[in-house]
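The analysis underlying the following values was restricted to heavy atoms, covering all of them including side chains, and did not include hydrogens, waters or symmetry mates.
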Amino acid sequence: LANDGLKELTLEVATDLFKAYGAELIAQKRSSLAAFFSDPLITVASGVVTFTVGSKLVVDGIDEETRKIRQYFSKASYILEAIECRVNAKEVSEYKVFTPKEQFDVMAKEFPILKEFEERFNLEIDGTDATDVKTANSNLDIDGTLKITNGNLTLNNIDLDLEGDFRMAAGAFVPGNSAAHDVAGIWNETGGLFQPTAGTFTFSGTGGKTIVQNAGNFFNDLTVASGGTDKISANSAISVGGVFTNTNGTFDTEGNTVTVTGATNIDGGILEIAAGTFDANGDFDANGATVTFTGAGTLNLGGNGGGAPDLGTLNDDLGGNLTKGTVIYDNQAAGQAIYDAGATGYFDLEIDNDGQIATCGTALPVFGELQVKTGNLTLNTIGLGVTHLTLGGNFVLTSGTFVPGNADHTISGDWTETVGTTFEATAGKFTFNGAPSTITTDAAGGNKFFNLSSAGNPVNAGSDLDIDGDFTVAGGPFNPGD
């Protein structure tokens with residue numbers, strides 16, 4: 001026994017007493033604070049209880065209740081010298097992935113009366129029309145859902161901290177220029193206007209959250225910070241007028257198109273491209289992070305003029321050499337360099353740069369198809385006898401120019417040139433080893449190989465061929481055609 005006959009407080013006892021105290025608050029219809037006592041993150045030392053909480057709002061609520069809590073503990077014959085609070089949202093998230101609203105839902109299962117007070121967590125804007133403007137002039141902290149049914153919600157350059165979902169059916173949301181807006185729930189626009197030209201929205205939700213954007217709407221800057229293996233997914237087309245950043249966790253395009261006008265920075269975590277398209281019109285940097293294809297999706301790279309985008313670790317969900325996904329280099333204002341993806345290479349690779357030059361100065365393994373739609377693909381000189389391009393599928397020169405450099409290249413699929421294109425090799429060797437491979441060129445327009453080796457089963461000439469250097473049948477039949 002301690003002073004005055006009171007017993008020393010332990011962590012287990014303190015936890016049980018806080019839960020019981022929370023139940024009494026519920027009986028008093030004080031449900032908001034009760035939710036935080038349902039599973040408190042606390043330490044106990046020498047009669048002092050220290051709470052770790054996710055926001056200053058919770059600290060204020062506990063401070064106001066301290067005197068009553070100490071009396072409650074005293075009646076239970078335990079010493080409670082003081083209550084202290086520390087704010088650490090990350091630690092709280094790692095302890096239990098519950099927002100205050102989710103804590104509330106857990107408590108409500110045990111105490112159904114709480115459902116009567118659920119609206120205390122939510123904010124709804126239901127004005128008459130777009131001219132009916134509701135303005136927030138101080139930071140807006142919402143533990144539940146923010147819903148805009150009609151009217152206009154304008155944030156006067158303040159921060160939005162939304163623990164629940166955002167839903168907009170009509171009206172308008174004007175978020176101001178804060179770089180600290182945070183959304184932990186889903187984002188669902190079925191109507192209305194959301195077109196900020198400044199500020200940043202960070203999506204920090206865990207457990208798998210989604211974004212749905214109304215056609216024509218856009219974010220300014222968008223940051224994904226879901227953490228660990230948690231995922232934020234695009235459930236519709238999404239447009240970002242500024243910078244897209246993934247700091248941790250996974251962002252998944254699903255089957256939709258995500259368009260980013262500014263830079264794309266995958267600082268950590270994973271950019272996951274399923275059946276959709278990630279259209280990066282600005283510079284792309286995934287250094288130290290991962291770009292993963294989980295389906296037949298597309299990554300468009302329209303920035304990094306004069307240099308190479310950094311794709312970090314480029315892979316698919318099967319591991320090993322890439323077996324899915326298309327990467328398109330389409331900077332139509334300046335030249336680009338092809339990123340060195342290493343031995344795992346690319347699956348489908350396209351050049352669509354409208355007269356600009358895409359260059360490659362390293363070995364280039366492409367396990368699917370290589371297509372030059374517009375512009376120029378130039379393989380820089382890397383040395384005679386060195387294998388530069390290893391192509392597992394077809395080569396298609398739809399428009400523009402292909403300059404192969406002086407190295408050796410291996411093609412396992414078909415070769416097709418459209419009339420009017422340019423391919424005039426002056427060095428190096430192309431080996432065709434497909435089963436079969438068909439070579440169709442615009443020889444009549446001046447296109448030509450330098451050295452050509454037939455090693456397929458069979459290799460077919462689908463047109464006239466112009467070979468300036470050596471022609472070798474290294475294996476299998478070669479069919480010259482009519």
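For the atom pair L160 CG and N139 CG, the distance stands at 9.5 Å (nearest 0.5 Å). Taking CG from D442 and OG from S463, the interatomic distance works out to 8.0 Å, rounded to the nearest 0.5 Å. In this structure, the separation between CZ on F251 and CD1 on I266 is 9.0 Å, given to the nearest 0.5 Å. Atom CG of D285 is separated from atom OG1 of T245 by 10.5 Å, given to the nearest 0.5 angstrom. For the atom pair CG (D354) and CG (N376), the distance works out to 12.0 Å, reported to the nearest 0.5 Å.
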Mind listing the side-chain donor-acceptor pairs of residues 394-408 below 3.5 Å, one per line with the distance, residues two or more places apart or on another chain?
unit_1 : atom_1 : unit_2 : atom_2 : d
N394   : OD1    : D414   : N      : 2.7
T398   : OG1    : Q371   : OE1    : 2.9
D408   : OD1    : K429   : N      : 3.4

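Using a 4.5 Å heavy-atom cutoff, the side chains of V243 and N220 are not in contact. Using a 4.5 Å heavy-atom cutoff, the side chains of W187 and F194 are in contact. Within the 4.5 Å cutoff, no side-chain heavy atoms of T52 are placed close to those of I42. With contacts defined as side-chain heavy-atom distances shorter than 4.5 Å, the pair F201/I211 does not qualify. A 4.5 Å side-chain heavy-atom check between L301 and N304 finds every atom pair outside the cut-off. Between M168 and T149, every side-chain heavy-atom pair lies at or beyond the 4.5 Å cut-off. In this structure, the side chains of N353 and N331 stay at 4.5 Å or more apart for every pair of heavy atoms. No side-chain heavy atom of L349 sits under 4.5 Å from any side-chain heavy atom of T326.
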Step by step, would you call D126 with N150 a side chain to side chain donor-acceptor pair (under 3.5 Å)?
CA-CA 5 Å; D126 190 10; N150 205 349; 5.3 Å; no
Given side chain to side chain donor-acceptor pair (under 3.5 Å), test S233 with N235 step by step and report yes or no.
CA-CA 6 Å; S233 299; N235 270 15; 5.5 Å; no
For side chain to side chain donor-acceptor pair (under 3.5 Å), just list the numbers for D159 and S178, CA-CA rounded to whole Å, side-chain angles, deciding distance to a tenth of an Å, and then say yes or no.
CA-CA 6 Å; D159 302 339; S178 171; 2.5 Å; yes
Could you go through the side chain to side chain donor-acceptor pair (under 3.5 Å) check for N315 and T292 one step at a time?
CA-CA 5 Å; N315 62 17; T292 300; 2.7 Å; yes
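A334 approaches G305 most closely through the heavy-atom pair CB-CA, 3.8 Å. Here the closest heavy-atom approach between residue Q213 and residue S236 is recorded as N-OG, 2.7 Å.
When each of I467, T431, D470, D468 is paired with N451, the side-chain contact (heavy atoms from CB on, under 4.5 Å) condition holds for D470 and for no other.
A side-chain donor-acceptor contact under 3.5 Å links D352 and T374. A side-chain donor-acceptor contact under 3.5 Å links S204 and D182. A donor and an acceptor atom, one from each side chain of T323 and D316, are located under 3.5 Å apart. Looking only at atom types and distance, the side chain of N152 has a donor-acceptor partner in the side chain of T154 under 3.5 Å away.
Comment: D230 does not engage K209 in a salt bridge, judged by the lack of any side-chain N to carboxylate O separation of less than 4.0 angstrom. A salt bridge does not link K448 with E424: every distance from a Lys NZ or Arg NE/NH1/NH2 to an Asp or Glu carboxylate oxygen is 4.0 Å or more.
A perpendicular orientation is assigned to the rings of F449 and F430, their planes being inclined by more than 60° (bins at 30° and 60°).
Ring-centre distance between F278 and F244: below the 6.0 Å cut-off. Ring centroid separation for the pair F432 and F478 does not come in under the 6.0 Å cut-off.
The backbone N or O of C85 lies less than 3.5 Å from no partner atom in the side chain of T50, so there is not a single donor-acceptor pair.
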